[in-house]
Amino acid sequence: MDSVTFHHEPPSHLPTMVVAFGGWIDAGEAVTGAMRHLVRQLSASSLASIDPEEFFDFTKVRPVVRLTADGERTMRWPRSEFLTWQPPESRTGLLLFRGMEPHRMWRTYTKLLLDVAEQCGVQRIVSLGALLAALPHTRPPRVTGSSTDPAWQALLEEWGIYRRPTYEGPTGIATVVLDAAKHRGMPSLSFMGQSPHYLQGSTNPAVSQALLTYVTRLLGLALDLSRLDEGVQAFCTRCDQAVANDASVQAYVRQLEQDYDAAVDEAPRPLRDEDLNSEQLMQELEDFLREQREGGAE
């Protein structure tokens, strides 16, 4: 594994890996935000990194220059990092992986990732994702889940968030990694948070918190998620202020609230592909706002 640099000897008894990719399925940067909080709360230590040279187009994801306290320039390259958490008691720890979705050589990248996982004793994988959906910022974010492990699937069904995968179409690196893991005999579970599509481009800490709520519940982690409360409240306040400036958007949010509240009283149904199609959702929003404004001009 010439492309992997280990910072110290890897452990061999970490049965679970949590994976978070930025990019394709990271709406509102909820996935990267959730992993960042997880790393900080667990005080996870860096184990290894994948050299980005072969896997990234640096004209699309550029390296960043930073200045140290002494005024020296340092270069930060796109990160693909493994971290470990070893609890003080006799419980088993975790392998964490975070990185941007690479631009090329996905099969080679996936093999490297899973080779490190196997070397650390990983037997199962938890993947985090977030997508744009038609729901309001004024309601708790929804999280759905799916799993190739029967016990985990039963747990998701018990929690009322299981959704059988039905999507067909272009996919991201997380799906490629989990498919390759399945062929190695590693079961997996995917949590998918949903972020309001009309806030596209906004960082959404509420979805990060929702994802972490289920991760900690699944893995029995004692994390203080209340530290995210202030950021979530500030985010909701900013959204309220932005929406208040446009009566048409206010009306659209009220419609989403009605749809959300009505769904709470109904038996949950599997989400359709078109429910999660961000381009279609944005077109519906544009159509709604145009009708509202044209109606107001009459």
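Residues forming a salt bridge (Lys or Arg N to Asp or Glu O under 4.0 Å) with Arg254 (at least two apart in sequence, or on another chain): none.
Residues Thr92 and Leu14 fail the side-chain proximity criterion, which asks for heavy atoms closer than 4.5 Å. In this structure the side chain of Phe97 never reaches within 4.5 angstrom of the side chain of Glu81, judged on heavy atoms. At a threshold of 4.5 Å between non-hydrogen side-chain atoms, the residues Pro63 and Met75 count as touching. Gln194 has its side chain within reach of Thr144: a pair of non-hydrogen atoms, C-beta onward, lies under 4.5 Å apart. Two residues are said to be in side-chain contact when any heavy atoms from C-beta on lie closer than 4.5 Å; Val64 and Arg66 meet this criterion. Residues Trp159 and Leu218 form a side-chain contact, since some pair of their non-hydrogen atoms from C-beta on lies under 4.5 Å apart. Inter-residue side-chain proximity for Leu38 and Leu96 is flagged as met; some heavy-atom pair is nearer than 4.5 Å. Phe21 is not listed as a side-chain neighbour of Ser80, based on a closest heavy-atom distance of 4.5 Å or more.
With hydrogens and angles disregarded, a donor-acceptor distance shorter than 3.5 Å links the side chain of Thr148 to the backbone of Ser188. Side-chain atoms of His37 do not come within 3.5 Å of backbone N or O of Gly33 as any donor-acceptor pair. Remark: the backbone N or O of Ser46 is not paired with any side-chain donor or acceptor of His7 at under 3.5 angstrom. With Asp26 contributing its side chain and Ala30 its backbone, the two residues share a donor-acceptor pair below 3.5 Å. Between the side chain of Asn245 and the backbone N or O of Gln241 there is at least one donor-acceptor pair closer than 3.5 Å. Side-chain atoms of Gln209 never come within 3.5 Å of backbone atoms of Val232 as a donor-acceptor pair (strictly under, hydrogens ignored). Asn204 contributes no side-chain N or O that, together with a main-chain N or O of Ser195, makes up a donor-acceptor pair within less than 3.5 Å. Side chain of Gln250 to main chain of Ala244: a donor-acceptor pair is present (N/O by atom type, distance under 3.5 Å, no hydrogens or angles).
One finds the CD atom of Gln86 at 10.0 Å from the CG atom of Leu95 (value rounded to the nearest 0.5 Å). Rounding to the nearest 0.5 angstrom, the gap separating the CG atom in Leu131 from the OH atom in Tyr167 is 10.5 Å. To the nearest 0.5 Å, atom CZ of residue Arg98 and atom CE of residue Met35 are 8.0 Å apart. How far CE of Met186 is from CE of Met17: 6.5 Å, rounded to the nearest 0.5 Å. Going from atom CG of Leu199 over to atom CZ of Arg238 covers 10.5 Å, rounded to the nearest 0.5 Å. With rounding to the nearest 0.5 Å, the separation of CD in Glu257 from OG1 in Thr138 is 3.5 Å.
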Task: Stepwise side-chain hydrogen bond (donor to acceptor under 3.5 Å, both in side chains) test for Glu54 and Thr108 - done: CA-CA 10 Å; Glu54 294 182 277; Thr108 301; over 6 Å; no

Open item on the list: Run Phe58 and Trp77 through ring pair (Phe, Tyr, Trp, His ring centres under 6.0 Å) and show every step you take.
Closed with: CA-CA 9 Å; Phe58 296 136; Trp77 298 89; 5.0 Å; yes

Task: Worked verdict on Asp240 versus His137 for side-chain contact (heavy atoms from CB on, under 4.5 Å) - done: CA-CA 9 Å; Asp240 289 341; His137 72 277; 2.8 Å; yes

- [ ] Show the numbers, then the answer: is there a side-chain contact (heavy atoms from CB on, under 4.5 Å) between Arg142 and Leu135?
- [x] CA-CA 9 Å; Arg142 289 197 181 108; Leu135 79 168; 4.3 Å; yes

- [ ] Assess whether side-chain contact (heavy atoms from CB on, under 4.5 Å) is satisfied between Arg79 and Met100, documenting all intermediate values.
- [x] CA-CA 7 Å; Arg79 178 172 56 187; Met100 289 296 298; over 6 Å; no

- [ ] Begin from the C-alpha positions of Ser12 and Gln119 and carry the test side-chain hydrogen bond (donor to acceptor under 3.5 Å, both in side chains) through to its verdict.
- [x] CA-CA 6 Å; Ser12 59; Gln119 190 172 348; over 6 Å; no

- [ ] Output, in order, the C-alpha distance, side-chain angles, deciding distance and verdict of salt bridge (Lys or Arg N to Asp or Glu O under 4.0 Å) for Asp259 and Arg139.
- [x] CA-CA 11 Å; Asp259 294 343; Arg139 297 293 187 270; over 6 Å; no

Task: Cys120 and Leu47: CA distance, side-chain angles, deciding distance, side-chain contact (heavy atoms from CB on, under 4.5 Å) verdict - done: CA-CA 10 Å; Cys120 293; Leu47 169 67; 3.7 Å; yes

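Looking at every heavy atom in both residues, Ala48 comes nearest to Val4 through CB-CG1, 4.0 Å. A pairwise comparison of heavy atoms in Tyr214 and Ile161 identifies OH-CG2, 3.5 Å as the closest pair. The two residues Ile173 and Glu101 have their closest heavy-atom pair at N-OE2, 2.9 Å. Taking every heavy atom of both residues into account, Val143 and Gly193 meet most closely at CG2-CA, 4.2 Å. Taking every heavy atom of both residues into account, Leu94 and Leu42 meet most closely at CD1-CD1, 4.2 Å. Of all heavy-atom pairs spanning Ala180 and Leu114, the tightest one is CB-CD1, 3.6 Å.
Judged purely by distance below 3.5 Å, without hydrogens or angles, the side chains of Ser3 and Tyr109 never pair a donor atom with an acceptor atom. With 3.5 Å as the limit, one finds no donor-acceptor pair spanning the side chains of Asp149 and Ser147. Neither side chain, Asp70 nor Thr68, offers a donor N or O lying under 3.5 Å from an acceptor on the other. A side-chain donor from one of Thr16 and Arg124 sits under 3.5 Å from a side-chain acceptor of the other. A side-chain donor from one of Ser45 and Thr84 sits under 3.5 Å from a side-chain acceptor of the other.
Put simply, Tyr162 and Leu128 are part of the same group of oily side chains (I, L, V, M, F, W, Y) that touch within less than 4.5 Å, one to the next. One hydrophobic cluster, built from ILVMFWY side chains closer than 4.5 Å, cannot hold both Leu189 and Val176; they sit in different ones. Ile125 and Phe191 sit in two unconnected hydrophobic clusters of ILVMFWY residues. Membership requires side-chain heavy atoms under 4.5 Å apart, directly or through other members. One hydrophobic cluster holds both Leu212 and Leu83 under the rule that ILVMFWY side chains link at heavy-atom gaps under 4.5 Å. Cluster annotation: Phe235 and Val253 are assigned to the same hydrophobic cluster (Ile/Leu/Val/Met/Phe/Trp/Tyr, side-chain heavy-atom contacts under 4.5 Å, transitive).
At most 12 heavy atoms of other shown residues, nucleotides or ligands fall within 6.0 angstrom of atom CZ in Arg227. Within 6.0 Å of atom CZ in Arg107, 12 or fewer heavy atoms from other residues, nucleotides or ligands are found, so the atom counts as exposed in its surroundings.
A centroid separation of 6.0 Å or more is found between the aromatic rings of Phe6 and Phe82.
Stacking of Arg62 on the aromatic ring of Phe56 is not recorded, the 6.0 Å distance cut-off and the 45° axial limit not both being met.
In this pair, Tyr198 and Tyr252 present their aromatic rings perpendicular. The plane angle is above 60°, beyond the 30 to 60° band.
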